[in-house]
Amino acid sequence: MSKLVITDLHVTVDTEDGPKEILKGVTLTIKEGETHAIMGPNGSGKSTLAYSIAGHPKYTITGGSVTLDGQDVLSLSVDERARAGLFLAMQYPVEVPGVSVSNFLRTAKTAIDGEAPKLRTWVKDVNAALEQLNLDPSFGTRNVNEGFSGGEKKRHEIAQLELLDPTVAVLDETDSGLDIDALKVVSEGVNRFRQREGKGVLLITHYTRILRYIEPDYVHVFVDGKVAESGGKELADQLEAEGYDKYVSAVR
Amino acid sequence: MTVTTDSVRSALEQGPEHGKVESHLHPAGSFDVADHEVPTGREEIWRFTPLKRLRGLHADAEFMPSATSCTWNTPEGVRVEGVSGDEARGLRGISGLVPNTRWAARVLAEVPSSLLIDVPADTEVAEPIVVELDGTDVAVTEAGHVAMRFGAHSKAVVVLNHTGSSSIAAVVEIAVGDGADVTVVSLQDWADDAVHLSHHQARVGRDATYKHAAISFGGDLVRMDANVTYDGPGGSAELLGLYFADAGQHIEHRIFADHTAPRTKSHAVYKGALQGEKAHTVWVGNVLIRKVAEGIETYEENRNLVLTDGCQADSIPNLEIETGEIEGAGHASATARFDDNQLFYLQSRGVSEAEAQRLVVHGFFNDLIRQVGVPSIEDRLLTTVEAELAKNVLKDVGSLAAFGSDD
Ligand SMILES: Nc1ncnc2c1ncn2[C@@H]1O[C@H](COP(=O)(O)OP(=O)(O)O)[C@@H](O)[C@H]1O
Ligand SMILES: [Mg+2]
């Protein structure tokens, strides 16, 4: 039974004036089959949480723990975390010049599975994943994220989610910058993933809009580097009506 | 179209009508060796080059009988031949080259024969003309002259492939006829001890398309100057370069696009990777837009990827503009280490650090290798890049199969 457990996580980034604490004690448990939405204002530390779970070198963990099925995630390298079953759909996916999408996907799949995918089924799987996300088959020949529109980048992230099939997916503002049609396509992709056995999702978002298409089991309000309040999906409706003001002024 | 040395000289004497001005990019040249002093290393054009390692090629090393074997194929309709005597002398300067170094003047004055590659007008050569130069004795200092003549509206690809051990000073002259479409690739895949000083001078005819690719992997010291002038309006030059310097290697590439005619184009992209102690690369990109050269377009770019500590990459774009009437002129130069965000992105998909670095380096060179556009050498370049990577980046990685098996 897969389970991501984040306990009292403290994280700093290095700034010109020394380390600055961004995460101030985050505690959160995502059990298999659950989707948790994290909602918070800009700058509250949502991406920092996502990157820290994935292991970006920019962030320093100063306290707390993260485990996946009991395994200490923080002691693993970035690629080991991915192979252990974590996936991060990035808010700003990175361009990799000269590396084609198809080469990238095949290399990633090979790394995750520990063996090269069977060529025939793989090509079919890739084409199906691209098609479901409304990406042209010629997409495979383009360089990773180079010259992609904002929507293409996000759809490409979700295509990877479906192909690489992690156990826990962290989606960092996958909805932002998408028009309604793209939002629906992306949400359908996430929902297909959720229907698979035993998957956990941490859905980070600034807006309630995407929660109309991806229904969360839990909603957490994230303010100033920690969870300010947790509840069911009715909490999202409350945020939609009232905004973050009351939480933000509480920490001032 | 045949141009003799005399007509080249007289064309140069008409300099002032060309709007010739004082510029450090184009000091007056001379065929007379005595007009050139032995460089001291302080000169602008020599300041990066470790003269001590040139085995006297820049000065007065004896040009001995060649110890570099030279073989080639001769596709139908083409003449490829070693020529000597009057014919060889008539080829000196066919590109418009007037030497501005002592060594180039010496090569033109002293080398008894030239390799001539002659593609008649209107001839399309289907397969690449490949010249294999394989050095056998690094103790032999020697010189060579290659003359390539491409007739009007001809189309051809020439590959000069350098391997083995040599200490060689080479002048390569390239005359591209009006409307011709020519690619010249020079591959420096030397053994570790080779020293190679070369000057490639091209004159691009009216509406002609010229592509030059300089690819340097091996050798102790490789320096190539790849220059272009234009013989009429509408000519276009693409100057490509790819280099990979290991510990102790000095690889220096200089280009000079001399826009001597209106509505001409130059586009230069040089990319290099460096790894190991005292790997040193130099790129100097000179572009001169003369007063007559209205409506031209030029863009030059140099990117270096530094893979380890202890390397040095010098990169100097140099644009001189004498007319205000240009379509576009730009340059870019960047030297960087691996981008943390790129590596993180790849690693977050399960790819190991070493494999991520490998992907990034291949990606860095891929587009350029494709731009060279000679399929028969594409695979070879990819393999060579892979072999270079094996020396450092992939040192600790057996193969892809190693991934995911560490638990
Ligand atoms: N390198 C850095 N130097 C200084 N502050 C940083 C750095 N990186 C992130 N921050 C700060 O950390 C906070 C959280 O950022 P982020 O996690 O991106 O928030 P969110 O994703 O919720 O918008 C912000 O206030 C941001 O300015
Ligand atoms: Mg963010």
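Numbers restart at 1 for each chain; the letters A, B, ... are given by sequence-line order, proteins then strands. As the structure is a computational prediction, the values presented were derived from the model and not from experiment.
- Among all heavy-atom pairs drawn from B:Q347 and A:A82, the shortest one is O-CB, 4.0 Å.
- Between A:D79 and B:V351, the shortest heavy-atom distance links the atoms CB-O, 3.2 Å.
- For B:F364, the part sitting under 4.5 Å from any heavy atom of chain A is the backbone (N, CA, C, O) and nothing else.
- Heavy atoms closer than 4.5 Å to chain B are found in the backbone of A:E95, but not in its side chain.
- When every heavy atom of A:P97 is checked against every heavy atom of B:Q342, the shortest pair comes out as CD-NE2, 3.3 Å.
- When the shell of 6.0 Å around OH of B:Y299 is examined, it contains more than 12 heavy atoms from other residues, nucleotides or ligands.
- More than 12 heavy-atom neighbours from other residues, nucleotides or ligands sit within 6.0 angstrom of NZ on B:K271.
- Across A:A111 and B:G350, no two heavy atoms sit closer than the pair CB-O, 3.2 Å.
- If you take OG1 on A:T107 and CG on B:L346, they are separated by 8.5 Å, rounding to the nearest 0.5 Å.
- Closest approach of B:F344 and A:G55 over heavy atoms only: CE1-C, 3.8 Å.
- One finds the CG atom of A:L164 at 7.0 Å from the CZ atom of B:R349 (value rounded to the nearest 0.5 Å).
- Pairing each heavy atom of A:G98 with each of B:R370, the nearest pair is O-NH2, 4.5 Å.
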Before you tell me yes or no, could you show the steps for A:N143 and B:D367 under side-chain contact (heavy atoms from CB on, under 4.5 Å), namely the whole-Å CA-CA distance, both residues' side-chain angles and the distance that decides it to 0.1 Å? CA-CA 10 Å; A:N143 291 337; B:D367 292 350; 3.7 Å; yes

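- In the displayed structure, B:E378 atom CD is contacted under 6.0 Å by more than 12 heavy atoms of other residues, nucleotides or ligands.
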Check step by step if side-chain hydrogen bond (donor to acceptor under 3.5 Å, both in side chains) holds for A:H56 and B:N341. CA-CA 8 Å; A:H56 194 290; B:N341 286 320; 2.9 Å; yes

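- Enclosure of atom CG in B:D192 is not indicated, since only 12 or fewer non-hydrogen atoms of other residues, nucleotides or ligands lie within 6.0 angstrom.
- Taking CZ from A:F104 and OH from B:Y345, the interatomic distance works out to 4.5 Å, rounded to the nearest 0.5 Å.
- Looking at A:P166, neither its backbone nor its side chain comes within 4.5 Å of chain B, counting heavy atoms on both sides.
- Atom-to-atom distance recorded for A:E80:CD and B:E353:CD is 11.0 Å, nearest 0.5 angstrom.
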